[in-house]
Asks: 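Input: one structure, supplied below.
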There are 2 protein chains.
Amino acid sequence: MNALVREPRSQSIEDYLKVTYQIQEQSQWVTTSALAERLGHAPSSITNMVQKLQKLGYLDYTPYYGFRLTDKGKRLALGMLRHHRLLELFLVKVLGYTWDRVHEEAERLEHVVSGEFVERIDRLLGHPRLDPHGDPIPTEEGRLQETTHPRLLECFAGESVMVRRVSDASGEFLRYAAELGLVPDARIEVVECAPFEGPIRIRVQGKDHYIGRDAARRIFVERKNAKSSKPKRPLP
Amino acid sequence: MNALVREPRSQSIEDYLKVTYQIQEQSQWVTTSALAERLGHAPSSITNMVQKLQKLGYLDYTPYYGFRLTDKGKRLALGMLRHHRLLELFLVKVLGYTWDRVHEEAERLEHVVSGEFVERIDRLLGHPRLDPHGDPIPTEEGRLQETTHPRLLECFAGESVMVRRVSDASGEFLRYAAELGLVPDARIEVVECAPFEGPIRIRVQGKDHYIGRDAARRIFVERKNAKSSKPKRPLP
DNA sequence: ACAAAAACTTAGTCGTTCCTAACTATAGGT
DNA sequence: ACCTATAGTTAGGAACGACTAAGTTTTTGT
Ligand SMILES: [Mn+2]
Ligand SMILES: [Mn+2]
Ligand SMILES: [Mn+2]
Ligand SMILES: [Mn+2]
């Protein structure tokens with residue numbers, strides 16, 4: 001009996017598991033269409049691959065319902081996130097990339113760099129905890145510092161907050177955010193929030209900007225010691 | 001008529017063209033079996049792919065005879081060599097790899113790094129001309145400084161030579177060579193050559209070693225008539 | 001010169017990963 | 001409750017790049 005069946009681990013499999021992990025961080029069950037959307041594939045392709053990944057023990061799958069990673073699947077997904085985020089930081093800090101250009105490069109590199117490569121850039125970077133967008137980097141053992149910062153959208157007028165994370169889903173948005181100085185560790189004052197789903201007025205480095213709600217949804221912040229204790233209009 | 005047919009350029013295609021280039025540097029016509037040997041594939045796989053590459057205009061092929069790269073094929077092959085060799089040097093100089101471990105990593109990375117990545121490491125490394133094994137790095141425009149150094153095997157007793165290039169085909173050999181100090185820019189005195197295909201006695205950094213003919217075939221040297229000043233190279 | 005060996009090509013197949021089209025199950029609205 | 005819109009699955013197929021087995025061409029040895 002040959003128990004040593006070769007375990008395939010293609011680039012496709014790695015991306016499926018990585019993105020599944022990212023989706024299930026928010027919604028308990030991952031759906032076919034959610035993964036199809038994020039990977040840019042037809043839903044039927046997802047069904048096929050998910051069935052294969054279940055056979056390989058990477059996830060638990062209930063037809064017509066959804067799926068979730070097993071521990072084995074999570075371990076692999078966290079490995080990919082570690083590769084991806086360390087690579088992004090490496091590209092910024094060592095090669096001088098801007099933070100809006102690193103995602104595509106890391107998306108390809110993450111699948112081919114060896115463990116040795118990753119550990120070497122980890123050491124070179126001084127064992128960093130966050131990537132250029134403020135996303136936490138899993139440890140080599142697969143531990144991830146969970147972050148649950150509120151969105152800038154959820155803040156009240158008068159609050160003084162600090163940028164902790166910026167969604168890296170769109171390079172265009174990252175360029176816009178950088179222009180406004182909305183980068184991790186930047187201090188923001190929420191000056192006012194227009195009613196009726198209106199824009200938000202913020203002050204960054206002494207300059208005022210009006211940003212839309214979509215933008216404010218992509219910025220995650222940490223509340224500082226509030227200097228105004230009078231919450232005004234909450235933003236739902 | 002849509003003349004803008006997408007030009008496929010898979011990892012496989014890139015490796016076929018790169019290795020074809022390396023083979024045709026020495027033998028005018030590249031044969032199916034030579035490429036099969038180097039790529040570790042069955043000969044029939046080579047025939048298939050070569051026919052495809054001819055249709056794509058990357059090489060000229062005469063059945064049962066052999067093939068050669070077209071200018072288009074050469075351009076692509078030189079690009080891959082540039083990627084590969086710059087990556088190898090980068091791994092040694094920036095990430096601290098030893099010169100016997102870089103080939104496998106570069107073999108995978110060469111296909112996924114962007115042009116921007118390559119130009120950034122090129123700048124970081126100061127536009128180097130040689131990789132860690134002494135192989136020349138093609139320029140961005142695809143120009144390659146041809147090197148035709150004689151092999152150590154071809155030297156006579158009494159000659160004083162300088163190592164210029166060490167075959168990177170085997171990691172094991174590279175470890176052995178480094179142990180003996182046989183790295184680019186090392187000075188060697190050929191003390192004696194045993195007759196009847198015997199070993200060669202060399203002196204490196206004051207120490208004598210007997211090396212076999214297979215080893216001496218893998219070392220390329222420059223004959224030193226006088227003291228010439230060449231750019232220095234770091235030890236891997 | 002000719003038969004055997006070696007080199008090469010052709011034919012047919014397989015695994016991987018994607019697709020479209022057709023089918024099926026679940027969820028909402030009335 | 002039922003009927004339909006939506007989400008999900010199955011079926012069938014294409015492109016790619018490898019393989020083995022079988023056939024063809026070229027080279028080699030006597
Ligand atoms: Mn990826
Ligand atoms: Mn990121
Ligand atoms: Mn390669
Ligand atoms: Mn090399």
Side-chain angles (χ1 to χ4, degrees), chain A residues 2 4-20 23-24 27-68 73 76 80 107-108 110-112, chain B residues 2 4-20 23-24 27-68 73 76 80 107-108 110-112:
Chain A
N2 187 3
L4 295 170
V5 187
R6 268 252 268 115
E7 197 93 330
R9 233 185 75 176
S10 62
Q11 162 161 162
S12 275
I13 288 179
E14 292 177 343
D15 276 338
Y16 272 79
L17 295 175
K18 186 188 64 172
V19 175
T20 297
I23 295 172
Q24 81 175 24
S27 49
Q28 279 297 80
W29 284 92
V30 181
T31 63
T32 300
S33 49
L35 192 49
E37 163 86 34
R38 285 283 298 273
L39 287 174
H41 293 156
S44 62
S45 304
I46 307 300
T47 302
N48 271 345
M49 181 63 103
V50 162
Q51 288 170 348
K52 175 179 181 174
L53 294 175
Q54 179 176 47
K55 277 177 202 125
L56 291 170
Y58 288 123
L59 44 76
D60 293 323
Y61 166 56
T62 308
Y64 290 103
Y65 207 79
F67 42 94
R68 282 189 66 71
L76 204 151
M80 293 317 298
E107 195 61 48
R108 282 173 282 114
E110 61 189 2
H111 309 288
V112 305
Chain B
N2 186 3
L4 295 171
V5 186
R6 270 256 270 118
E7 197 93 330
R9 234 185 73 179
S10 62
Q11 162 160 162
S12 275
I13 288 179
E14 291 178 343
D15 276 337
Y16 271 80
L17 295 175
K18 185 187 66 171
V19 175
T20 298
I23 295 172
Q24 81 176 23
S27 49
Q28 279 297 81
W29 284 91
V30 182
T31 63
T32 300
S33 50
L35 192 48
E37 163 86 34
R38 285 280 299 271
L39 287 174
H41 292 157
S44 61
S45 305
I46 306 302
T47 302
N48 270 345
M49 181 63 101
V50 162
Q51 288 170 348
K52 174 180 181 174
L53 293 176
Q54 178 175 48
K55 276 176 203 126
L56 291 170
Y58 288 122
L59 44 75
D60 292 323
Y61 166 56
T62 308
Y64 291 103
Y65 214 81
F67 43 94
R68 282 188 67 72
L76 203 152
M80 293 317 299
E107 195 60 49
R108 282 173 282 112
E110 62 188 0
H111 308 287
V112 305

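Chain letters run A, B, ... following the sequence lines, proteins first and then strands; every chain starts at 1. What you are looking at is a predicted structure, and each value in this text was computed from that prediction instead of being measured.
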Asks: How long is the line joining CG of A/Leu53 and P of C/dT16, in whole Å?
Replies: 12 Å
Asks: Within this structure, what is the CD-CE distance for the pair A/Gln54 and A/Met49, rounded to the nearest 0.5 Å?
Replies: 14.0 Å
Asks: Could you state the atom-to-atom distance from CD of B/Gln54 to P of C/dT9 in whole Å?
Replies: 11 Å
Asks: A/Glu37 CD to D/dT6 P: how many Å, rounded?
Replies: 16 Å
Asks: Using modelled atom types and a 3.5 Å cut-off, is there a donor and acceptor pairing between side-chain atoms of B/Arg68 and backbone atoms of B/Val30?
Replies: no
Asks: Between atom CD1 in B/Ile46 and atom C1' in C/dT10, what is the gap in whole Å?
Replies: 15 Å
Asks: With distance as the sole test, does B/Ser45 use its side chain to make a donor-acceptor pair with the main-chain N or O of B/His41 at under 3.5 Å?
Replies: no
Asks: Atom CD in B/Gln51, atom CZ in B/Phe67: separation rounded to 0.5 Å?
Replies: 10.5 Å
Asks: Is the A/Trp29-A/Tyr65 ring centre distance short of 6.0 angstrom?
Replies: yes
Asks: What's the OH-P distance between B/Tyr64 and C/dA6, to the nearest Å?
Replies: 17 Å
Asks: Give one of base, sugar-phosphate or nothing for B/Thr32, where a contact means two heavy atoms less than 4.0 Å apart.
Replies: sugar-phosphate
Asks: Check the distance between C/dT24's C1' and A/Tyr65's OH and give it to me in whole angstrom.
Replies: 18 Å
Asks: Hey, could you give me the CD1/CG distance between A/Ile23 and A/Leu35, rounded to the nearest 0.5 Å?
Replies: 5.0 Å
Asks: Which letter, B, S or -, goes with each nucleotide of nucleotides 16-21 of chain D from 5' to 3', with contact meaning a protein heavy atom under 4.0 Å?
Replies: SSSBBB
Asks: How long is the line joining CH2 of B/Trp29 and P of D/dT27, in whole Å?
Replies: 13 Å
Asks: What is the distance, to the nearest angstrom, from the CG atom on A/Leu17 to the P atom on C/dT17?
Replies: 11 Å
Asks: Give a yes/no on whether any side-chain N or O of A/Ser33 is located under 4.0 angstrom from OP1 or OP2 of D/dG8.
Replies: yes
